[in-house]
Amino acid sequence: MDISKIINKGLLTPRSTLSLYSQIANLFAEKIQNRILPAGSKLPPERELAVLLGVSRTTAINAYRRLEEQGLIITKIGSGTYVADLTPPLQPNPAVPWSQLFTPSPNTHLASILRELIASATTEDIISLAAGMPDPTLYPLKHFHRLFSQQSSQLSGSDLGHIPTEGYMPLRQALAARLINKGYAITPENTMIVSGSQQGLYLIAKVFLEPGDYVIVESPTYLGAIQVFSAANARLLSLPTLSTMPLDLLEDYLVRYRPKLLYIMPTFQNPNGRVMPLEERRELLKLAAKHRLVIVEDDPYGELYYDKQPPPSLKALDPFGGVIALGTFSKILFPGLRTGWVVAPETVINRFALEKQYIDLHSSNISQKLLFDYLTEGLLEDHLDTVRAEYKKRRDSVAGALHRYCGPHLTFTLPTGGFYFWCTLNQGILTRQLLHEAGKTGVSFVPGEAFYADASGSRELRLCFTTHSEERLLEGIKRLSTALQVLVNSNTGSHVRPAATPII
Ligand code: PMP
């Protein structure tokens with residue numbers, strides 16, 4: 001580049017108040033900023049520049065120094081002086097302060113437990129006994145493949161439009177018929193399809209709870225319910241229900257706090273597996289009727305019994321119409337269907353539908369139609385027979401393995417249905433320590449604290465026995481026992497209690 005065509009002597013004003021070196025620097029600056037001298041252009045050495053402009057070498061040096069200070073040129077030692085790259089570095093978008101924009105959310109002790117759980121499940125070969133999942137290899141895939149292809153070839157445009165928020169009427173009818181068979185005094189209008197019973201719980205909280213309202217929950221209870229009620233800013237009253245239900249304490253709560261709801265799982269409770277005896281169900285309903293207490297009965301596991309059939313549900317025995325029942329196909333078929341139901345008086349269903357519209361115009365047509373076909377072909381009963389038989393075997397294997405490998409260090413009651421073993425560690429071992437150690441041996445579970453509204457449960461844990469094959473379950477229990485042994489050894493000589501006889 002012939003620099004003399006861009007910058008020359010004629011452009012300088014010797015009698016200006018501005019020094020010569022400043023004038024030279026300004027001339028260069030203007031040409032550089034206007035890209036007349038593009039980035040990377042080589043500039044003449046100081047000596048040449050001085051000659052070109054008829055100034056002293058010192059003036060040329062000072063001009064370059066000024067330009068360098070301004071970041072317009074760079075000097076590469078041994079190479080020369082160059083125009084700098086003025087393209088501004090890409091500024092990342094100013095970060096949006098997301099967390100400041102969020103509405104307040106309850107940060108309960110559960111959040112940290114779940115974080116710990118997720119962190120411990122990062123090992124590839126982890127055997128998770130944590131999630132409450134059916135075994136995917138038992139999903140009735142053959143039937144669903146067939147129903148899928150049958151359905152997709154017959155789908156019309158109207159099948160893909162909107163349906164009522166309360167759900168696909170043929171499915172509501174089929175469901176109501178099933179429930180009537182189980183003793184429910186209902187019509188299809190009393191049933192509403194929801195995207196999983198978790199959504200049903202959410203709707204209940206949304207429709208009934210204001211901040212500060214009291215809700216009675218079993219202690220321990222389902223983690224997802226604690227979260228939903230806490231998010232509604234309800235105050236939770238714990239009702240310990242491991243052995244018998246303390247009806248006198250319940251009545252005390254009813255009189256003292258006038259709670260809006262009692263949330264309860266009377267059949268194969270999650271996590272403790274308890275089944276409420278028939279007489280106790282009747283007593284509870286009598287008390288609820290007397291105080292006009294609304295009972296939310298959550299029953300995802302009632303059909304998964306491994307010994308004898310459990311007593312009728314509270315809803316089937318409901319003498320006063322105060323029971324709202326929740327159910328789901330997530331445990332008996334597969335969770336990806338996202339299809340559950342709520343049963344309640346019609347006025348309540350209408351309000352649920354209004355509330356659901358804010359978040360979900362209706363649950364998926366495809367899932368509902370598939371399920372309807374599956375139910376009307378009478379396939380569910382066979383499937384239930386299959387999974388009951390398989391899960392019973394797994395339950396027995398896990399019980400045996402727990403005795404054999406972990407016997408001295410934990411106690412449990414044999415679950416007669418559902419998905420879980422609820423175990424208590426002997427004194428001296430904390431579940432959180434065990435979870436940490438189990439992460440290293442490659443097994444995970446849910447620590448007991450997750451199931452309590454009041455942060456108790458530090459020595460309890462829940463193991464799901466349905467997700468994996470017997471072989472893998474066995475391996476999981478062995479890994480658990482290795483983790484337990486590490487803790488026991490590190491506690492030896494301190495306060496580990498001798499083996500207690502497992503209750504089975
Ligand atoms: N209630 C209970 C007691 C549960 O265990 C679960 C699933 N873990 C649910 C409700 C929610 O199930 P879903 O939303 O999949 O129907």
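What you are looking at is a predicted structure, and each value in this text was computed from that prediction instead of being measured. Ligands are counted one by one from 1 in listed order, and the atoms in each one are counted from 1 as well. Along the sequence shown, residues carry numbers from 1.
With 3.5 Å as the limit, one finds no donor-acceptor pair spanning the side chains of Arg395 and Tyr306. A donor atom on one side chain and an acceptor atom on the other are found under 3.5 Å apart for Asp298 and Tyr263.
Note: Phe451 and Trp422 have perpendicular aromatic rings, judged against thresholds of 30 and 60 degrees for the angle between ring planes.
Residues Phe421 and Phe465 bring their aromatic ring centres within 6.0 Å. No close placement of the Tyr301 and Phe268 rings is indicated, their centers lying 6.0 Å or farther apart.
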Which atom pairs, nitrogen or oxygen on both sides, join ligand 1 and the protein at under 3.5 angstrom?
unit_1, atom_1, unit_2, atom_2, d
ligand 1, 1 (N), Asp298, OD2, 2.6
ligand 1, 5 (O), Asn270, ND2, 2.9
ligand 1, 5 (O), Tyr301, OH, 2.7
ligand 1, 8 (N), Lys331, NZ, 2.9
ligand 1, 12 (O), Ser197, OG, 3.4
ligand 1, 14 (O), Ser197, N, 3.2
ligand 1, 14 (O), Gln198, N, 3.0
ligand 1, 14 (O), Arg338, NH2, 2.9
ligand 1, 15 (O), Ser330, OG, 2.6
ligand 1, 15 (O), Arg338, NH1, 2.8
ligand 1, 15 (O), Arg338, NH2, 3.4
ligand 1, 16 (O), Ser197, N, 2.7
ligand 1, 16 (O), Ser197, OG, 3.0
ligand 1, 16 (O), Thr328, OG1, 2.6
ligand 1, 16 (O), Ser330, OG, 3.3

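Among Trp341, Phe334, Phe144, Phe372, the single residue meeting the ring pair (Phe, Tyr, Trp, His ring centres under 6.0 Å) criterion with Phe329 is Trp341.
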